[in-house]
K.L.:
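Provided herewith is a single structure, encoded as structure tokens, for subsequent inquiry.
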Amino acid sequence: MDTLNRNSEARRFVRACRRQPVDRIPVWLMRQAGRYQPEYRALKERMGGFWALSTNADSITEATLFAQRSLAADAAIIFSDITVPSWAMGLDLEFAPGPKFKTPVRDAKGLAALSLYDPHEKCDFLMQGIRQTRAGLPDEVSLIGFVGAPFTLAGYMIEGYPSRSWLELKKVVYGEPKFLHNMLSKIAEAVIEHARAQVEAGCDALQLFDTTSGELGRPELTEFAFHYAKRVLQALKPLGVPLIYFGRNIGHALEEAASLGSDVLGVDWGTPMQEARQRLGNDIALMGNLDPTTLFCAKEVITSRAEDILNAVAKQPGFIFNLGHGVLQHTPVDHVKHLIDVVHDFRC
Ligand code: 1CP
């Protein structure tokens with residue numbers, strides 16, 4: 001084991017992912033770098049927009065490090081977006097402010113036009129950003145890399161932009177299942193390599209975001225979302241870093257989500273943490289799950305809601321505190337910091 005790996009295994013966040021005892025509960029927040037921070041908005045303005053920020057190693061580093069430092073979070077998540085691999089495969093992408101593909105992929109011709117790529121070459125800005133960020137982080141802080149799960153990424157690529165009804169995606173799910181399987185296989189190949197490169201560049205954990213999976217009913221959730229998430233997780237397992245799977249609105253299918261091969265299951269705010277722990281047993285670490293809207297309430301409300309979660313599940317090994325989805329725009333910065341303090345002060 002080299003020095004990097006030895007340090008990685010000692011970090012509080014990684015220890016919790018491995019269900020080892022920790023001195024206090026590790027905490028980081030999905031979207032801890034983002035529009036709620038004036039410094040992030042200034043950096044984005046200075047860079048000339050979200051995409052310019054996301055494709056420059058120095059600004060990736062600055063956004064990631066600033067968020068970690070300002071919160072004293074136990075992990076940083078590298079600043080990027082799940083749609084970067086779609087761009088790297090050849091899709092025209094803009095942000096307004098969500099991702100928007102000029103030419104959505106809806107047929108075999110569109111799929112054939114997508115190419116696999118070498119992430120070290122095509123996304124050198126990201127790998128360089130990871131190396132610089134790792135060098136700038138305190139030794140005890142973990143760096144998380146991430147990719148979108150195949151189904152969630154396919155949703156954006158088919159629909160073209162974030163959607164309320166996911167109508168175009170659903171038409172493909174029910175009407176063109178063979179095409180969708182081909183597309184998911186190709187995306188899986190791309191995100192596996194994209195994730196692997198992030199670990200090679202210095203990330204000490206990986207999160208698979210399957211934010212759109214909960215749009216599917218059964219049996220499609222298994223066939224199109226879980227099947228490909230499992231394929232990605234199994235392919236990444238030999239890298240030896242902790243793997244986190246986060247799905248949304250899949251509380252009814254937590255047992256199956258927990259069986260896909262991740263070390264940690266990210267639980268959204270719809271399922272009480274205590275229920276998740278009772279249903280899943282102790283063989284998997286859990287991460288979550290305060291409702292992000294709680295951060296708009298008074299500090300006493302934040303304290304009591306966070307402590308409810310901590311008291312319910314944090315006393316046994318294998319828990320990482322997070323929100324049940326990302327920090328929302330306009331969230332008061334001091335409330336976010338207050339939440340981190342509450343978790344840091346909790347004695348397990
Ligand atoms: O104008 C802006 O500043 C754009 C806002 C923004 C940001 C800050 C987007 C556009 N992406 C990001 C960064 C980002 N995206 C990160 C790194 C920041 C961090 O966590 O600290 C990560 C992990 C993501 C992942 C991501 N992008 C997901 C999965 C997680 C989730 O929130 O569900 C999804 C679905 C996207 C798509 C996306 N990118 C951006 C938007 C506005 C959206 C649509 C979904 C949404 O509104 O949340």
Side-chain angles (χ1 to χ4, degrees), residues 27-55 59-71 73 75-87 91 93-101 126 129-130 133 141-157 159-164 166 169 191 194-195 198 203 205-215 225 229 244-250 266 268-269 287-289 292-293 322-331 336 340:
V27 52
W28 70 280
L29 305 179
M30 292 187 275
R31 292 280 171 99
Q32 64 189 22
R35 286 175 286 182
Y36 77 101
Q37 299 167 307
E39 294 82 357
Y40 167 82
R41 296 196 298 271
L43 174 63
K44 187 169 98 173
E45 174 98 21
R46 177 150 58 80
M47 291 303 295
F50 176 76
W51 188 243
L53 190 171
S54 305
T55 49
S59 49
I60 288 173
T61 307
E62 187 176 334
T64 310
L65 287 179
F66 177 78
Q68 184 279 324
R69 271 181 202 147
S70 68
L71 300 181
I77 183 161
I78 195 67
F79 192 87
S80 189
D81 195 75
I82 58 163
T83 49
V84 169
S86 317
W87 163 83
L91 280 190
L93 175 62
E94 53 186 60
F95 282 84
K100 192 164 190 291
F101 295 108
L126 175 61
I130 289 170
T133 301
V141 174
S142 296
L143 179 57
I144 303 169
F146 71 91
V147 285
F151 179 74
T152 289
L153 207 46
Y156 281 87
M157 292 162 74
E159 198 75 32
Y161 52 87
S163 163
R164 247 175 204 285
W166 297 100
L169 173 62
V191 297
H194 197 82
Q198 292 178 66
C203 288
L206 286 169
Q207 177 151 332
L208 192 57
F209 281 100
D210 215 351
T211 315
T212 313
S213 51
E215 297 295 324
I244 309 164
Y245 178 68
F246 171 76
R248 254 192 92 202
N249 300 328
I250 55 165
D268 82 356
W269 48 268
M287 185 182 86
N289 75 344
T293 57
N322 206 316
L323 298 176
H325 195 201
V327 181
L328 294 164
Q329 194 182 3
H330 309 304
T331 302
V336 180
I340 302 278

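Atoms within each ligand, like the ligands themselves, are counted from 1 in listed order.
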K.L.:
To which protein heavy atom is atom 29 (C) of ligand 1 closest, and what is the distance rounded to 0.1 Å?
P.N.:
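Looking at atom 29 (C) of ligand 1, the protein heavy atom closest to it is Thr211 OG1, 3.4 Å.
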K.L.:
List ligand 1 atoms under 4.0 Å from Phe95, heavy atoms only on the residue side.
P.N.:
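Within the 4.0 Å cut-off of Phe95, ligand 1 contributes 10 (C).
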K.L.:
Which atoms form the tightest heavy-atom contact between Gln32 and Leu71, and what is the distance?
P.N.:
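Distance-wise, the nearest heavy atoms are CB-CD1, 3.8 Å.
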K.L.:
Could you check atom 18 (C) of ligand 1 against the protein and tell me its nearest heavy-atom contact, residue, atom and distance included?
P.N.:
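Answer for atom 18 (C) of ligand 1: Ala33 O, 3.5 Å.
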K.L.:
Applying a strict 4.0 Å limit to heavy atoms, is Pro99 in contact with ligand 1?
P.N.:
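Yes; Pro99 lies near enough to ligand 1 that a heavy-atom distance drops under 4.0 Å.
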K.L.:
Under 4.0 Å between a side-chain nitrogen and a carboxylate oxygen: does that hold for Glu62 and Arg46?
P.N.:
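Answer for the salt bridge query: yes.
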K.L.:
Using a 4.0 Å cut-off to any heavy atom of Gly98, which atoms of ligand 1 qualify?
P.N.:
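Those atoms are 41 (C), 42 (C).
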K.L.:
May I have the step-by-step check of ring pair (Phe, Tyr, Trp, His ring centres under 6.0 Å) for Phe66 and Tyr40, ending in yes or no?
P.N.:
CA-CA 8 Å; Phe66 177 78; Tyr40 167 82; 9.7 Å; no
K.L.:
If you compare all heavy atoms of Ala67 against all heavy atoms of Ser70, which two are closest, and at what distance to 0.1 Å?
P.N.:
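Ala67 and Ser70 have their closest heavy atoms at O-OG, 3.3 Å.
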K.L.:
Under a heavy-atom criterion of less than 4.0 Å, does His325 contact ligand 1?
P.N.:
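Judged by the 4.0 Å heavy-atom criterion, His325 does count as contacting ligand 1.
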K.L.:
Please verify whether a non-hydrogen atom of Ser80 lies at under 4.0 Å from ligand 1.
P.N.:
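Per 4.0 Å heavy-atom rule, Ser80 contacts ligand 1.
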K.L.:
What protein heavy atom is closest to atom 30 (C) of ligand 1, reported as residue, atom name and distance in Å?
P.N.:
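Of every protein heavy atom, Phe209 CD2, 3.3 Å lies nearest to atom 30 (C) of ligand 1.
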K.L.:
Starting from atom 25 (C) of ligand 1, find the nearest protein heavy-atom neighbour and note its residue, name and distance.
P.N.:
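Checked against all protein heavy atoms, atom 25 (C) of ligand 1 sits closest to Ile82 CG2, 3.8 Å.
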K.L.:
Within a distance under 4.0 Å of any heavy atom of Ile77, pick out the atoms of ligand 1 and give their elements.
P.N.:
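So the atoms of ligand 1 that pass are 19 (C), 20 (O), 21 (O), 23 (C).
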K.L.:
Looking only at heavy atoms, what is the nearest atom pair of Ala76 and Val141, with distance?
P.N.:
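Nearest heavy atoms, Ala76 then Val141: N-CG1, 4.0 Å.
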K.L.:
Over all heavy atoms of both residues, which pair between Asp210 and Thr152 is shortest? Give the atoms and the distance, please.
P.N.:
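Closest approach of Asp210 to Thr152: OD1-OG1, 2.6 Å.
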K.L.:
Considering only heavy atoms from C-beta outward, does the side chain of Trp166 approach that of Tyr156 to under 4.5 Å?
P.N.:
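Counting from C-beta outward, Trp166 and Tyr156 do come under 4.5 Å.
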K.L.:
Backbone, side chain, both or neither: what part of Gln207 comes under 4.0 angstrom of ligand 1, heavy atoms only?
P.N.:
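No part of Gln207 is near ligand 1 at this cut-off.
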K.L.:
Would you say the side-chain atoms of Arg248 pair up with the backbone N or O of Thr212, donor to acceptor, closer than 3.5 Å?
P.N.:
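No; judged by distance alone, with no hydrogens or angles, the pair does not exist.
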K.L.:
Could you check atom 44 (C) of ligand 1 against the protein and tell me its nearest heavy-atom contact, residue, atom and distance included?
P.N.:
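Scanning the protein heavy atoms, the shortest distance from atom 44 (C) of ligand 1 goes to Tyr156 OH, 3.6 Å.
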K.L.:
Give the residue, atom name and distance (to 0.1 Å) of the protein heavy atom nearest atom 15 (N) of ligand 1.
P.N.:
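Protein heavy atom at minimum distance: Asp81 OD1, 3.0 Å.
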K.L.:
With respect to Arg31, determine whether any N or O atom, backbone or side chain, lies less than 3.5 Å from an N or O atom of ligand 1.
P.N.:
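Yes, at least one N or O pair falls under 3.5 Å.
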K.L.:
Minimum heavy-atom separation for Leu143 and Thr64, please, with both atom names.
P.N.:
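Closest heavy-atom pair between Leu143 and Thr64: CD1-CG2, 4.4 Å.
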K.L.:
What residue and atom, counting heavy atoms only, is the protein's closest point to atom 5 (C) of ligand 1, and at what distance?
P.N.:
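The closest one turns out to be Arg35 NE, 3.5 Å.
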K.L.:
Taking a cutoff of less than 4.0 Å between a non-hydrogen atom of the residue and any ligand atom, is Phe246 in contact with ligand 1?
P.N.:
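Phe246: no contact with ligand 1 (<4.0 Å).
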K.L.:
What protein heavy atom sits nearest atom 6 (C) of ligand 1, and how far away is it?
P.N.:
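Sorting protein heavy atoms by distance from atom 6 (C) of ligand 1 puts Phe50 CE1, 3.6 Å first.
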K.L.:
What I'd like to find out is whether the side chain of Thr133 reaches to under 4.5 Å of the side chain of Gln68, using heavy atoms alone.
P.N.:
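They are not in contact (no side-chain heavy atoms under 4.5 Å apart), so the answer is no.
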K.L.:
Verify the contact flag for atom 47 (O) of ligand 1, where contact means a protein heavy atom under 4.0 Å away.
P.N.:
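When distances to the protein are checked, atom 47 (O) of ligand 1 has no heavy atom within 4.0 Å.
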K.L.:
Can you establish whether the number of heavy atoms outside Trp87 located under 6.0 Å from its atom CH2 is more than 12?
P.N.:
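Yes, CH2 of Trp87 has more than 12 neighbouring heavy atoms, counting only those of other groups under 6.0 Å.
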